[in-house]
Amino acid sequence: MAESARRATGLPEDVRSAIAELRKHYPTEEALLLPALHFAQKHWGGWLPEEAILAVAQELQLPAARVYGVVTFYDLFHQNPVGRHRVRVCTNLSCALRGGNEILEAVQGRLGVRENEVSGDGKCSVVEFECLGACEQAPMMMVDDEYHGRLTPERARRIVEELD
Amino acid sequence: MSYEPVLLRRSAGAAPGAPPVGIGAYRDDGGYEGLAKALTMAPAEIIEEVKASGLRGRGGAGFPAGVKWSFIPKESDKPKYLVCNADESEPGTFKDRLLIETDPHQLLEGCAICCYAVGAPVCYIYIRGEYVRQAEILESAIREAYQAGVLGESVLGKGFKLDMRVHRGAGAYICGEETGMLESLEGRRGQPRVKPPFPAIIGAFGAPTVINNVETLCNVPHIIQRGADWFAGIGTDERNTGPKLYCISGHVEKPGVYEFPIGASLDTLLEAAGGMLAGRALKAFIPGGASAALLPADKSHLPMDFDNLAKAGSMLGSAAVVVMDETTCLVRSVYRLAKFFAHESCGQCTPCREGTNWSQLVLGRIEKGHGRPGDAELLVRMTANMSGTALCALADACVGPVRSLAQNFRPEIEEHINSGRCPLPYRRVFEETA
């Protein structure tokens, strides 16, 4: 379909043009779904409200159920509000052997949240996460897009305190 | 030690966090000469060379790379694809991240040679969603390569057209399974496909597709440049050849990625990694990532290659070596791995969906002191029903650690059950300062 013939969807223009840019590199519209959801999630503040999911479905001309199926399958797509910062603490084996569970405890304790909760000021949400592929830095956690390794409970607390 | 690193030659001495090797430095060091040489060869010659090198897949399954390439039909009315598997998610594994972070052009060169050999005009590098910085590094290296005429309309001016894209996953271990990855690339849930047909015949977008791991492809430029004989001369024997990256983590002084000829023993790795943490004694280790059977301390001399580890009842897998010392409760360790597999099972095959979850539940109750007599046998029976009964290897991956615990470390399970508690309660790693 020619770009000019595409009807307006609920997606903002910058997201639409980012998707359009990718279109020539893939043989199907459906293959744009994961990239489109990444773009949309960034635009909507780190999660995918219903309007975002429906807009992506409309943009790619996919049934909404297909898009929901994909959103619920992947750990990095969220259907509920998240904090301004997302903290993912690895507790898989290599981190667990080096105190990963104590890091999780320290971070959750400092922010006063439990699994999947957002701190009262909306600043952070914390989740226990599977191996992030940085076991040489164990124990480690991911804050937004950055890895922080060789943590102690003290350092982990300081890292989340210093987030704005 | 006289071994000179191959895969890490440009990055071995680099400080952590140093910028990746750029295209200029890469070319100054002989980079892209393998590709230039490949472009003067017939595609079939390249495939023969890779076959002769004995290179086996570094992602986990150990399938010969050249043989995989030779399955791609020569004549096809559909475009062919290379999908590079950078979904590194096997717990304990972090070598592909290092290869991408430090020397991205080495990977791009391997991808380009593979594409030329099988006649694929498009390569997707499927990278796990959590590797955000690493995806940016690759994208920037790809931009450099386009600008330098290494990729694009005419690779190195030789008329071969190649488009390369980075495709980000979104957090799912199962997308490291090759057909789960293809489903994900095509925009769906990453649920593995029924095989056959294999991806070489019907892969991405219904077309013939090669899927290779990052480390596998990084070996390719060196094979083309230095020859199959040189490569085959490294390693334990003709079925286990070439350099290998070992990821060592857990209770060691200096966890990290270490390169050795394939077949290094844990003893060798421990020496390189500064020994056991705080000098404590070794109890058990996992040689090949979360999916591999645990081995006891007395196997630390074993050459860690595909065949020696298979003979010992475990596997090389992704060569992620997780070391556990004498203070470690193995029931708790394997429980954590079973919990991982239960979380990551895609759910489509019953033996996997149910088996991984019951493994987690039974191990959890043993660890909490509520184990029942016969639980060790129950675990062994369950794993028999999980093994080889699902569409992909995830159920078998869970079987690896669970069955080895129940069979080889049974006294530890019995002790939990008989005393009604964990004999090795969790020792806090850190002194609490708050």
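Per chain, numbering begins at 1; letters A, B, ... match sequence-line order.
The closest donor-acceptor contact from the side chain of A:H25 to the backbone of B:M164 lies at 3.5 Å or more, if one exists at all. The backbone N or O of B:H251 lies less than 3.5 Å from no partner atom in the side chain of A:R98, so there is not a single donor-acceptor pair. Between the side chain of A:E136 and the backbone N or O of B:F94 there is no donor-acceptor pair closer than 3.5 Å. Using modelled atom types, one side-chain atom of A:E102 and one backbone atom of B:V429 make a donor-acceptor pair closer than 3.5 Å.
Within the 4.5 Å cutoff, the side chain of B:L185 has no heavy atoms near those of the A:L34 side chain. A heavy-atom distance below 4.5 Å is not found between the side chains of A:L93 and B:P91. Between A:F73 and B:I174, the closest side-chain pair of non-hydrogen atoms falls below 4.5 Å.
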Please determine whether side chain to side chain donor-acceptor pair (under 3.5 Å) holds for the pair B:Q134 and A:Y147, giving the CA-CA distance in whole Å, both sets of side-chain angles, and the decisive distance to 0.1 Å. CA-CA 11 Å; B:Q134 293 73 14; A:Y147 280 16; 5.4 Å; no
Using side-chain contact (heavy atoms from CB on, under 4.5 Å), reason through B:Y173 and A:C131 one step at a time and then give a plain yes or no. CA-CA 9 Å; B:Y173 171 70; A:C131 183; over 6 Å; no
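Across all their heavy atoms, B:Y426 and A:A96 have their closest contact at OH-O, 4.1 Å. The minimum heavy-atom distance linking A:Y74 with B:A172 is given by the pair CD2-CB, 3.8 Å.
Classification of the B:F205-A:Y26 ring pair by plane angle, with boundaries at 30° and 60°, yields perpendicular.
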